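Reading through the structure tokens given below for one structure.
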Amino acid sequence: MNDQKATSLREPLFHLTKRASISSAVAWLIRLAAVIIGLAVSGLIAFLLIEKLRLNPKEGIAKFYRCFYEGIWTEGKPFWENRSIWKFLKDTAMLLCIALAVTPAFKMKFWNTGAEGQTLMGILGAITVAVWLVPQARNASMSVPYWTLQLLMFGAAVLASTVWALIPAIFKAVWNTNETLFTLMMNYVAMNLVNMMLFIWRPKDFTLPSMNFDKLSFQFENLKSFVNNYLVIVLAVLALTFILFIYLKYTKHGYEISVVGESVRTAQYSGISVKKVIIRTMIVSGILCGVAGFLFASGLNKTIKPDDVGGNGFTAILVSWLAKFNPFGMIVTSALITVLNLGSAEISSDFDVSSAFPNVLVGIILFFVIGCEFFINYKIVFRKRSNRVKGASIK
Amino acid sequence: MNKKIALSMRGITKRFGSVLANNNVNLDVYQGEVLAILGENGCGKTTLMNMIAGIYFPDEGKIYKEDKEVVIRSPKDAFDLKIGMIHQHFKLVDLFTAAENIVLGVEEGKKYNLKNVNNRVREIADKYGFHIDPEKKIYDMSVSEKQTVEIIKVLYRGADILILDEPTAVLTPQEIDRLFEVLRRMKEDGKSIIIITHKLHEVLAVSDRVAILRKGEHVATVDTRDATESSLTEMMVGKKVELNIDRSEPVNPAPRIEIQHLSLKNAEGIDVLKDVSFIANSGEILGIAGIAGSGQKELLEAITGLQPTSTGDIIFTNPKKDKPVSFFHKSLARVKFLAKQGAFHDEFGNEVSFNGLGAKAIRRLVNNGKVLFKEDEVMNLRHKTPLQIRQLGIHLSFVPEDRLGMGLVGSMGITDNMMLRSYRKGASGFLNRRKPKQLAESIIHELEVSTPGVNTPVRKLSGGNVQKVLVGREIAFTPKVLMAAYPVRGLDINSSYTIYHLLNKQKEKGVAVIFVGEDLDVLLALCDRILVINSGEITGIVDARRATKEEIGLMMTQTKDASKEGNS
């Protein structure tokens with residue numbers, strides 16, 4: 001039989017233990033450290049990959065980190081005319097809006113990966129109404145009033161998004177299909193639906209359209225036009241954040257979502273109809289995606305392309321998860337991710353590198369941000385130098 | 001004692017976060033003895049043994065095997081030191097035979113030869129008196145056979161120190177006797193056996209010495225022959241404990257719930273309950289005994305409407321006779337309808353039909369309390385969902401086996417858990433947390449729940465406190481029937497007795513209590529009648545005041561036909 005040779009006398013170098021609890025200050029310190037380490041590592045990678053940076057390392061590195069600041073603030077411009085900061089606010093708000101949309105379903109542990117397609121359907125709904133009504137208003141002397149048009153676009157956006165969210169929800173509730181794959185596939189159906197509509201709407205000369213509609217944006221007096229639209233979006237999304245917080249925390253619906261998310265068995269035990277909650281919650285998600293789609297369609301682009309949502313539907317999942325599904329926490333996480341996006345885009349234009357490079361940088365930093373959650377849940381205990389035991393003796 | 005020390009621990013300390021699971025434990029195990037590790041749930045018994053078996057690594061302290069210091073970093077290290085542990089939850093491959101499971105992971109450097117393995121397994125079985133067929137597949141085995149495989153697996157690897165974690169929890173009294181016989185033979189063979197348990201009579205029956213742990217500390221080690229049940233309890237709990245359950249005679253028992261020919265299949269289409277019929281009376285505790293997984297869970301879930309049934313009826317009798325009619329659960333139309341059916345009478349016994357009376361007059365009569373029910377309300381709960389049952393005004397309380405996965409929401413505080421059954425009240429879409437908070441505070445106060453606050457997630461509370469919160473809520477629901485599945489599993493002695501006391505109080509209030517238990521001593525001391533179930537069939541209903549443990553143990557393993565023959 002085996003002897004004791006296999007057993008060494010040394011204690012392992014380190015072992016992991018679960019933390020019982022962690023003060024939120026320490027947790028945030030760990031997260032901050034993760035962001036800093038992420039930035040440092042991405043700087044190192046950039047140094048290795050970008051030739052321009054290596055030629056003049058000292059200045060180059062300084063410029064590299066300055067880009068994150070310049071991405072959101074143009075030097076020397078006042079706040080109300082500073083295009084960079086407003087673009088930052090707008091991007092944050094749009095990302096936040098979609099993150100709000102995925103949150104109720106995620107809290108219920110319904111893994112909706114289809115916010116991209118649901119939002120795109122919202123845009124398609126709103127644009128469809130505009131395509132029908134705006135040219136008619138011009139040609140035939142019949143005019144559609146501004147608010148009626150907005151209202152119709154809004155309604156169509158919400159309806160289209162809700163239908164798109166509802167289909168996988170019904171399949172899940174009735175036949176227990178896998179919602180992750182289902183919602184993901186629905187994204188591609190939505191994109192191709194948009195391609196089809198663009199083909200149907202093509203003008204006579206067969207170039208793909210970049211449609212523009214007048215009178216579709218909101219108006220505030222005395223403000224630059226871009227600030228105007230962006231401000232409306234920011235305020236609208238802030239209001240939604242507040243409403244969703246109340247919905248999740250203080251309503252019976254929110255309570256049911258939490259119970260279903262924690263345990264389906266508990267929900268059944270307490271008499272909650274899990275099917276009903278799944279369907280209702282996905283309707284809420286769909287409505288919020290519809291709002292995002294309407295803001296894209298009417299407030300920003302006034303046109304439609306298959307990639308209009310630009311991956312925000314997936315990034316939103318990260319935003320929601322990092323904030324532990326707390327709507328107010330999502331303001332912080334969506335801002336963080338937008339800073340990273342804008343900053344790394346600035347880097348790619350300043351250093352004249354491939355447009356894929358920003359994705360690399362954001363990926364590196366997020367790797368650390370997500371990875372640090374491990375160190376919040378566990379701690380590493382190293383071998384102690386002297387392992388003497390008090391009062392231990394053996395005859 | 002001049003026996004040789006097999007294993008000793010010095011200054012063993014283990015922390016989980018801020019929880020001190022073991023604190024400076026010194027313990028010796030001799031060769032050729034049975035050492036019982038006794039302690040309440042959560043006192044660190046299993047943690048301590050897991051450190052010897054290589055599952056956990058101690059934060060401080062040293063382990064010596066036969067006077068030589070050793071470091072055990074993994075279960076493999078433990079095996080190399082001839083230490084084997086039989087865990088509470090078996091770790092076997094269902095599709096393999098006993099012998100295949102036993103040989104799994106053993107590196108012998110020889111060619112794998114199943115025939116030799118089978119023969120060696122038989123040798124070991126003969127030597128110690130096990131009954132086992134090495135070629136039987138695990139999925140065909142009973143719990144006790146699986147345990148045998150686990151023990152032989154450890155012996156096959158040449159272990160001379162065996163650790164058994166709560167080995168008797170899943171066995172019937174007869175199987176326990178057989179296991180103890182085997183343990184004695186192994187002891188005579190010079191092996192050291194450590195048995196983790198919290199059952200006192202078993203300690204007294206099988207062990208040579210008892211080491212008592214309390215809150216992670218090693219309180220004392222005593223020779224079993226010098227110990228009594230009460231002396232051991234006192235050391236375990238740290239103070240004197242009254243180990244009696246007051247059992248009152250049932251007052252006016254009347255059928256409250258009647259199960260008639262109930263059968264149900266599970267999701268895989270296997271019969272879980274077969275033609276089950278019994279009556280649960282008001283003011284009585286009906287115990288349900290049986291080996292784990294015999295259909296107890298499904299039976300309770302069928303009554304509460306959580307499990308769809310295939311055949312049979314669940315007749316609930318709502319005691320109404322000579323009680324005033326009220327509008328509380330009934331509309332005016334319903335009251336009129338019931339009156340036409342002849343359901344009401346007045347204080348002199350004359351029938352009330354409300355003929356020719358207007359709505360206002362009817363309301364006045366009813367509100368005066370002059371209109372009484374003639375008969376009890378009888379309803380069939382078959383095919384009704386939990387919500388429908390509640391909407392009928394029937395209060396069925398259910399304390400499920402899986403407390404945090406079914407009865408409570410682990411991530412929520414006590415207040416939010418109080419709302420689980422009542423949050424729907426009111427027309428508003430918003431939650432009203434005022435009453436649930438009051439209820440939470442009164443339960444914390446009355447049942448002495450130790451928690452930092454009403455909003456601390458219940459998952460963070462200890463097992464006993466979690467159960468108090470759950471039982472407290474179910475009792476606050478003023479039930480007509482209270483069903484509890486393994487309500488004291490994992491609880492310390494004091495909490496267990498609190499729960500017994502609460503159940504007894506409900507019984508005295510006239511509630512029909514159904515208690516699914518595993519400890520036969522407790523069932524015999526607490527219940528009025530005991531229903532024994534074996535693989536979905538009722539094998540007997542006995543009077544708990546007269547039945548013996550052996551009698552029930554026999555019914556737990558017997559089939560229905562055999563028990564009929566035995567009775568005739």
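Per chain, numbering begins at 1; letters A, B, ... match sequence-line order. Note that the structure is predicted; figures quoted are calculated from it, not measured. Just so it is clear, the values below take in all heavy atoms, side chains as well, and ignore hydrogens, waters and symmetry mates.
- The two atoms that bring B:S411 and A:E262 nearest to each other are OG-OE1, 2.8 Å, heavy atoms only.
- For B:M419, the parts lying near chain A are the backbone and the side chain together; criterion is any non-hydrogen pair under 4.5 Å.
- A:I246 touches chain B through its side chain: at least one heavy atom from C-beta onward sits under 4.5 Å away, while N, CA, C and O do not.
- Going from atom CE of B:M406 over to atom OG of A:S270 covers 10.0 Å, rounded to the nearest 0.5 Å.
- Neither the backbone nor the side chain of A:S273 comes within contact range of chain B; no heavy atom of the residue lies under 4.5 Å from a heavy atom of that chain.
- The two residues B:R433 and A:K249 come nearest to each other via the heavy atoms NH2-O, 3.1 Å.
- With a threshold of 4.5 angstrom between heavy atoms, B:F398 approaches chain A through its backbone and through its side chain.
- Here the closest non-hydrogen pair linking B:K297 and A:R265 is CE-NH2, 4.0 Å.
- Counting all heavy atoms, side chain and backbone alike, A:S263 lies closest to B:G405 at OG-O, 2.6 Å.
- Side-chain contact between B:M412 and A:T266: absent, with no pair of heavy atoms (C-beta onward) separated by less than 4.5 Å.
- Heavy-atom neighbours of A:F242 CZ from other residues, nucleotides or ligands within 6.0 Å: at or below the threshold of 12.
- Put simply, OH on B:Y423 and OG1 on A:T251 are 10.5 Å apart, with the number rounded to the nearest 0.5 Å.
- With respect to chain A, the highest number of heavy-atom pairs below 4.5 Å among B:L420, B:L387, B:T385, B:L404 belongs to B:L420.
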Please test A:Y269 against B:D402 for side-chain contact (heavy atoms from CB on, under 4.5 Å), starting from the C-alpha separation and ending with a verdict. CA-CA 11 Å; A:Y269 168 84; B:D402 187 0; over 6 Å; no
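- With a 4.5 Å cut-off on non-hydrogen atoms, B:R403 does not touch chain A at all.
- Residue B:E301 touches chain A through its side chain alone, counting heavy-atom pairs closer than 4.5 Å.
- Interface remark: B:L408 contributes backbone atoms only to the contact with chain A (heavy atom separation under 4.5 Å).
- When heavy atoms are compared at a cutoff of 4.5 Å, B:D416 approaches chain A by way of both its backbone and its side chain.
- Looking at B:S422, there are no atoms closer than 4.5 Å to chain A (heavy atoms on both sides), in backbone or side chain.
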Give the intermediate values and the outcome of side-chain contact (heavy atoms from CB on, under 4.5 Å) for residues A:Q268 and B:T304. CA-CA 11 Å; A:Q268 288 164 342; B:T304 45; over 6 Å; no
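- A donor-acceptor pair is defined here as one N or O able to donate and one able to accept, closer than 3.5 Å; such a pair exists between the side chain of B:R424 and the backbone of A:G271.
- For B:K437, the NZ atom sits in a loose shell: 12 or fewer heavy atoms of surrounding residues, nucleotides or ligands are nearer than 6.0 Å.
- Aromatic ring centres of A:Y250 and B:F430 lie farther apart than the 6.0 Å criterion allows.
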